[in-house]
Amino acid sequence: MSTRALLLRRHSVLPGFNLALGFALLYLCFIVLIPLSAVFLKTFTVSWGTFVDTVTSPRVMASYRLTFGASFLAALVNGVFGLLVSWVLVRYRFPGKRIVDALVDLPFALPTAVAGIALTTLYASNGWIGKWLPFKVSYTPLGVFVALTFIGLPFVVRTVQPVLEDLQRELEEAAATLGATRLQTFAYVIFPALMPALLTGFALAFARALGEYGSVIFIAGNMPMVSEITSLLIITKLEQYDYAGATSIAVVMLVAAFALLLLINLLQAWARKRQGR
Amino acid sequence: MSAVPNAIDTLAVADAGPIVRPLALAPARIADAVSEPAWMRRTLIGVALAFLTLFLFVPLAAVFVQAFAKGIDVYWAALTDSDAVSALKLTLIAAGISVPLNLVFGVAAAWAIAKFDFRGKNVLLTLIDLPFSVSPVVAGLIYLLIFGLQGWCGEWLRDHDLKIVFAVPGIVLATVFVTFPFIARELIPLMQAQGQEQEEAARVLGASGWQILWRVTLPNVKWALLYGVILCNARAMGEFGAVSVVSGHIRGQTNTLPLHIEILYNDYQFAAAFAVASLLAALALVTLVLKYIVERRAKSSHQEARHEH
């Protein structure tokens, strides 16, 4: 059966559909789908009881609390400051704005290991930033939060910025002529329009933070039950050749990631609807 | 024309509240009304910049300052160390294989998705994004489950004396996985927006499929393509988690630059670790500069295209 019959493509005069789609699907299967299915198939070799015991053991539960909690807080901080940064970049003029705008993408481009050692050194108790703080940041759960905030920084800015640029200024002028204060205009006109993008950015930053490994392991101190993230637990299990245990935890993280992916897709569909595209 | 005053009359009758007088605002007053007072603008800019300084600029500066903290000799020694050189080679190999592979995939996927209508397109789009939401550690784990000694092909590979995980092929595979969506993601939305009229015109004029691709489609998307390649390359060279799982950390053999940084740092050789890190940080800066140029070019060519129409 050809892909044409299978997928019911609409007729087109352009050539190369079967070749392009065939290659793309084959590559997708070999690189992504078959390897990913290995995780789920491996879990089926573990009995349900063992699986539940592994993924709910106290040390693993502590790592969920830290990973999800720190990711949520970091995404929240990025939501607030990301909105502020995109507002400042779109609406105001100040010297060096273009450089600042370009540097916002740094966490996308900077390898996580580099970010990890830089943040650890800065926030250590004798570091440039750490020595001014009355509490410890590096080698505590707070360090995890700092690293995850760095990692998630561009997401909210880059999702909110284009929406803010496209926002019709006439709406704000209309609100002003109708007697709204600037704060009212922001709360009732601008903020609702930015909401879908803001939530999408938040969810993207949260999802990215959940799986982060490289930047966190340097700054966390990695104490079991205290500052050990779930990704590190997977590695620890692998180093003990406990592949079944590592896979069980990986499945929990994958399911969480896929649930977030679904949520993000729904949010983006909502955002498109709101923008009337 | 008469409809408008009528509507206002109706409104005025319906609304028995305070009379709304049209305000004659000078242009300056309008500008004031849709902006914030100067002190507030300055405060907001200040807070935003303070946040970015604390979380972005200082860490970036710290990499370079720490790299040269023990002088240029230590810096140079760290970069020319034989383990560092072989880590650099392996990083270049991994990026050199994964970027072209994902480039071919990206063009093929974008051609099928953007130029044709078929059932299941949205599912395919979601599947392409999948590696973005998979944690790097899990990405490494999946290859261990297939090619590791306990994995599906483990015994067969051992019997045939082939090594994939804890060797170069595993590192390449993990890198391909984590950089999988980058180029496709840049190309698909642009090619969808461009539609297929130009390609159809070329087809009617007798061009073959490859000619259309080379002469029409690729020139139209060259900036997005370049940016996708840059981003893919940066991520390929900097990948840590996935590569860490499948590498086995054999010094001089299966260490990439990010893994080499980890080893140096854990050995308390901080200046050397930051020296190697400064290479990757410089690569990140080059990526950002190229992104800036590409975005400006894309914007200006977009405007040119608008003027032509």
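Naming convention: chains lettered A, B, ... in sequence-line order (proteins, then strands); numbering from 1 in each chain. Since this is a predicted model, take the numbers as computed values, not measurements.
- For chain A, the nearby parts of B/Val58 are the backbone and the side chain; heavy atoms of each come within less than 4.5 Å.
- Annotation: A/Leu183, atom CG; neighbour count of heavy atoms from other residues, nucleotides and ligands within 6.0 Å does not exceed 12.
- Heavy-atom pairs under 4.5 Å with chain A peak, among B/Phe270, B/Phe177, B/Tyr292, at B/Phe177.
- Between A/Phe81 and B/Phe55, the ring centre distance reaches or exceeds 6.0 Å.
- Taking 4.5 Å as the limit, every side-chain heavy atom of B/Ser135 sits out of range of all side-chain heavy atoms of A/Leu210.
- Within the 3.5 Å criterion, the main-chain N or O of A/Leu14 finds no donor-acceptor partner in the side chain of B/Arg203.
- From B/Met40, atom CE reaches atom CZ of A/Arg182 across 9.0 Å, with rounding to the nearest 0.5 Å.
- Heavy-atom distances place no part of B/Val286 under 4.5 Å from chain A, backbone and side chain included.
- If you measure heavy-atom distances from A/Ile99 to chain B, you find no contacts under 4.5 Å at all.
- Inter-residue side-chain proximity for A/Phe258 and B/Ser133 is flagged as met; some heavy-atom pair is nearer than 4.5 Å.
- For A/Leu119, the part lying under 4.5 angstrom from a heavy atom of chain B is the side chain only.
- For B/Leu213, no part lies under 4.5 angstrom from a heavy atom of chain A.
- Looking at A/Leu238, only its side chain comes within 4.5 Å of chain B, counting heavy atoms on both sides.
- Under the 4.5 Å side-chain criterion, counting only non-hydrogen atoms from C-beta, B/Glu262 is in contact with A/Phe218.
- Surrounding CZ of A/Phe30 are at most 12 heavy atoms belonging to other residues, nucleotides or ligands under 6.0 Å away.
- For A/Leu33, the part lying under 4.5 angstrom from a heavy atom of chain B is the side chain only.
- Within the 4.5 angstrom heavy-atom criterion, only side-chain atoms of B/Ile212, from C-beta onward, approach chain A.
- Residue with the most contacts toward chain A among B/Glu295, B/Arg235, B/Lys291: B/Lys291 (heavy-atom pairs, distance under 4.5 Å).
- With contacts defined as side-chain heavy-atom distances shorter than 4.5 Å, the pair A/Val32/B/Leu127 does not qualify.
- Note: A/Ile117 leads A/Asn265, A/Ile117, A/Thr230 in heavy-atom pairs under 4.5 Å with chain B.
- Between chain B and the options A/Ile264, A/Leu261, A/Leu260, A/Ile34, heavy-atom pairs under 4.5 Å are most frequent for A/Leu261.
- Listed here is the closest heavy atom pair of B/Ala48 and A/Val88: CB-CG2, 3.9 Å.
- Nearest approach of A/Ala113 to B/Phe240, heavy atoms of both residues: CB-CD1, 3.8 Å.
- Inter-residue side-chain proximity for A/Val114 and B/Pro258 is flagged as unmet; no heavy-atom pair is nearer than 4.5 Å.
- With rounding to the nearest 0.5 Å, the separation of CG in A/Leu106 from CG in B/Leu60 is 5.5 Å.
- Counting heavy atoms from C-beta outward, B/Arg296 and A/Arg98 have side chains that approach closer than 4.5 Å.
- Looking only at heavy-atom pairs under 4.5 Å with chain B, the residue among A/Ile235, A/Leu41, A/Val104, A/Thr121 that has the most is A/Thr121.
- Using a 4.5 Å cut-off between heavy atoms, B/Ile261 touches chain A through its side chain atoms alone.
- When the candidates A/Trp128, A/Tyr92, A/Phe150, A/Trp87 are compared by the number of heavy-atom contacts under 4.5 Å with chain B, A/Tyr92 comes out ahead.
- When heavy atoms are compared at a cutoff of 4.5 Å, A/Ala38 approaches chain B by way of both its backbone and its side chain.
- Neither the backbone nor the side chain of B/Ile230 comes within less than 4.5 Å of any heavy atom in chain A.
- For A/Tyr241, the OH atom sits in a loose shell: 12 or fewer heavy atoms of surrounding residues, nucleotides or ligands are nearer than 6.0 Å.
- Both the backbone and the side chain of A/Leu110 come within contact range of chain B, each with at least one heavy atom under 4.5 Å from a heavy atom of that chain.
- Heavy-atom distances place the side chain of B/Leu52, and not its backbone, under 4.5 Å from chain A.
- Distance check, rounded to the nearest 0.5 Å: CZ of B/Phe182 to CZ of A/Phe108 gives 8.5 Å.
- A/Asp101 does not touch chain B: none of its heavy atoms, backbone or side chain, sits under 4.5 Å away.
- Comparing A/Ile234, A/Ile129, A/Leu26, A/Val77 by how many heavy-atom pairs each has under 4.5 Å with chain B, the most go to A/Ile129.
- Ranked by heavy-atom pairs under 4.5 Å with chain B, the list A/Pro35, A/Ala24, A/Ala109 is led by A/Pro35.
- Pairing each heavy atom of B/Pro59 with each of A/Ala118, the nearest pair is O-CB, 3.7 Å.
- Taking chain A as the reference chain and counting heavy-atom pairs below 4.5 Å, the highest number among B/Leu257, B/Val104, B/Val107, B/Leu259 is found for B/Val104.
- Taking every heavy atom of both residues into account, A/Gly211 and B/Pro136 meet most closely at O-CD, 3.3 Å.
- Minimum interatomic distance between B/Trp152 and A/Ser37 (heavy atoms only, all atoms of both residues): CH2-OG, 4.4 Å.
- The parts of B/Phe105 that come within reach of chain A are both its backbone and its side chain, each placing non-hydrogen atoms under 4.5 angstrom from that chain.
- For B/Phe180, the part sitting under 4.5 Å from any heavy atom of chain A is the side chain, from C-beta outward, and nothing else.
- Atom CG of B/Leu124 sits about 6.5 Å away from atom CG of A/Leu28, to the nearest 0.5 Å.
- Heavy atoms of A/Ile31 lying under 4.5 Å from chain B belong to its backbone as well as its side chain.
- Contact of B/Leu49 with chain A is made through the side chain alone, with heavy-atom distances under 4.5 Å.
- When B/Val63, B/Asp129, B/Val65, B/Leu56 are compared by the number of non-hydrogen pairs under 4.5 Å with chain A, B/Leu56 comes out ahead.
- A distance of 7.5 Å separates CG in B/Asn266 from CD1 in A/Ile217, rounded to the nearest 0.5 Å.
- The line from CG of B/Leu288 to CG of A/Asp105 is 6.0 Å long, rounded to the nearest 0.5 Å.
- In this structure, the side chains of A/Leu153 and B/Phe51 come closer than 4.5 Å at one or more pairs of heavy atoms.
- Inspection of the A/Tyr27 and B/Asn102 side chains reveals an N or O donor paired with an N or O acceptor under 3.5 Å.
- Between B/Val138 and A/Ser231 the shortest side-chain heavy-atom distance does not fall below 4.5 Å.
- The contact between A/Thr247 and chain B is made by backbone and side chain atoms together, counting heavy-atom distances below 4.5 Å.
- Contact of B/Phe57 with chain A is made through the side chain alone, with heavy-atom distances under 4.5 Å.
- Closest heavy-atom contact between A/Phe17 and B/Ala112: CE1-O, 4.2 Å.
- Both the backbone and the side chain of A/Val146 come within less than 4.5 Å of a heavy atom of chain B.
- Proximity to chain A (any heavy atom under 4.5 Å) is shown, for B/Ile45, by both the backbone and the side chain.
- Of all the listed residues (B/Leu285, B/Thr287, B/Leu141), the one sharing the greatest number of non-hydrogen pairs under 4.5 Å with chain A is B/Leu141.
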